[in-house]
Amino acid sequence: MPELPEVETIASILCQGSPEQPALPGRHILGADLLWKRTLAEPAPGEFKSRLLGQVIETIGRRGKFLYFQLTRGWLLFHLRMSGDLLVRPRGTPFATHDRLVLQLDGDIQLAFNDARKFGRVWLVEEVDEVVGNLGPEPLDEGLTADDFFIHLHTTRRQLKPLLLDQTFLAGLGNIYTDEALNLAKLHPLTPANSLTQDQAVHLLEGIRTVLGDGIARNGASIDWVYRGGEFQNYFRVYQRTGEPCPECGTPIVRITVGQRGTHFCPQCQPAYIPNGG
DNA sequence: CACGAGACCTGTTCGC
DNA sequence: TGCGAACAGGTCTCGT
C-alpha cells in the first residue's frame with residue numbers, strides 16, 4: 001500500500017497523536033507479541049524481545065517508505081509494503097485478524113502492526129543505516145536540486161517508470177505517485193532517463209513534488225480495505241482510470257504493464273519517446 | 001547493466 | 001450462482 005505520503009501521514013499521527021489517539025514518543029515498551037514470525041526481519045525473536053523491552057520511544061520519523069522509531073538504544077523500523085498498517089488501541093484489545101506484531105506500551109495502549117498480505121517487515125538494529133543506508137535521496141528534500149536530478153537521470157538509460165520505482169534512485173515513490181507524476185510532467189513511462197532535456201527533468205521533479213505534496217495534504221490515499229483515512233484517491237488523474245478521459249485533453253487513459261506493474265498514462269499528453277525524433 | 005520472471009501472501013473483483 | 005483468473009499501494013533474487 002503505502003507510498004511516501006501514506007507513510008508520512010502515519011508517522012505524523014504516531015509522533016504527534018490525534019484527537020483519537022495519544023502520541024507515542026516518551027512511552028516505554030513493556031511487551032511484544034510476535035504473531036507471524038517472518039514479519040520480523042531481524043534479529044531473531046528471542047533477541048528481539050530481550051533487546052526491545054524496557055526501551056523508550058524517543059522519536060518517530062520517516063525515510064523513504066520506512067517508518068523509524070529511535071529508541072533509547074538502537075532503532076525499530078517498519079516497512080508496510082503492500083498492505084501494512086500501524087494502529088494504536090487501548091491495552092487489552094484482542095488481537096485483530098491480521099495483526100502480526102503487537103507492542104504493549106505504558107499509558108494503557110498497544111501498537112499493532114497489522115498486515116493482511118504478510119509482506120511487511122520489522123527490524124531492530126543498532127544503526128539506522130543498516131536498513132535505510134542505500135536509499136536514494138528524499139524527493140521533497142530541498143537539497144535535491146533540478147540540476148542534481150538532471151545529472152542523476154543521465155547516469156542511466158533505464159525507462160522512467162521502473163527507474164522512479166527504484167528506491168536506490170529516489171526514495172518514496174510507488175506505483176500510484178509515479179504514474180501521477182509522469183502524467184503531470186507529460187512524459188511517457190517508457191522514456192529512457194538519459195534522453196530527458198533539462199526542461200523535462202525540471203518538470204519531472206516538479207511533478208513528483210506536486211503529487212507527493214498533494215498526497216500529504218490529503219493524508220494519503222485509501223484505495224481498498226487496507227488503509228483508512230486519506231482521500232487523495234479521489235484526485236487521481238490517471239492511476240486506475242483506464243478508459244476514462246484524461247483531465248487535460250479528454251483522450252482515454254491507457255493501461256500497459258511495465259516491469260509487472262500496472263502503468264496508466266495519457267497517450268496524447270504523454271507521447272512515446274521516438275529515438276532521433278525529437 | 002538492464003530487463004523479465006518468479007517468489008513472498010491474502011483478499012477482492014472480473015470474466016465466463 | 002460458481003469458480004478460476006487477474007489484480008492489488010512492494011521488494012528481493014535469480015537467470016539471461
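A note on names: the letters A, B, ... follow the listed sequences, proteins ahead of strands, and every chain is numbered from 1.
- Atom NZ in A/K65 sits about 4 Å away from atom P in C/dG10, given to the nearest Å.
- Under the 4.5 angstrom side-chain criterion for Ile, Leu, Val, Met, Phe, Trp and Tyr, the cluster partners of A/V102 are A/L35, A/F95.
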Intra- and inter-strand pairing of DNA chain C, written as dot-bracket with Watson-Crick and G-U pairs under 3.5 Å and | for the latter, reads .|||||||.|||||||

Evaluate the criterion salt bridge (Lys or Arg N to Asp or Glu O under 4.0 Å) for residue pair A/R237 and A/E180; output intermediate values, then yes/no.
CA-CA 6 Å; A/R237 297 166 60 88; A/E180 296 294 310; 5.1 Å; no

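- Remark: A/H203 pairs with no residue by the ring pair (Phe, Tyr, Trp, His ring centres under 6.0 Å) rule, at least two apart or across chains.
- Here A/Q260 lies in heavy-atom contact (under 4.0 Å) with a base.
- Here B/dG6 presents its C1' atom at 12 Å from CZ of A/F119, a figure rounded to the nearest Å.
- Side-chain proximity of A/R117 to the nucleotides B/dG6, B/dC9, C/dG9 is greatest for B/dC9.
- To the nearest whole angstrom, the two P atoms, one in C/dA6 and one in B/dG6, are 13 Å apart.
- Comparing atom distances between the A/H79 side chain and each of B/dT10, C/dT11, C/dG9 picks out C/dT11 as nearest.
- Computed from coordinates, the A/D115 CG to B/dC9 P distance equals 11 Å when rounded to whole Å.
- Of the candidate nucleotides C/dG9, B/dT10, B/dC8, C/dG9 has the atom nearest to the side chain of A/Q240.
- If you check B/dC3, B/dC9, C/dT11 against the side chain of A/R38, the one that comes closest is B/dC9.
- Side chain of A/R255, nearest nucleotide from B/dC9, C/dG9, C/dA8: C/dA8.
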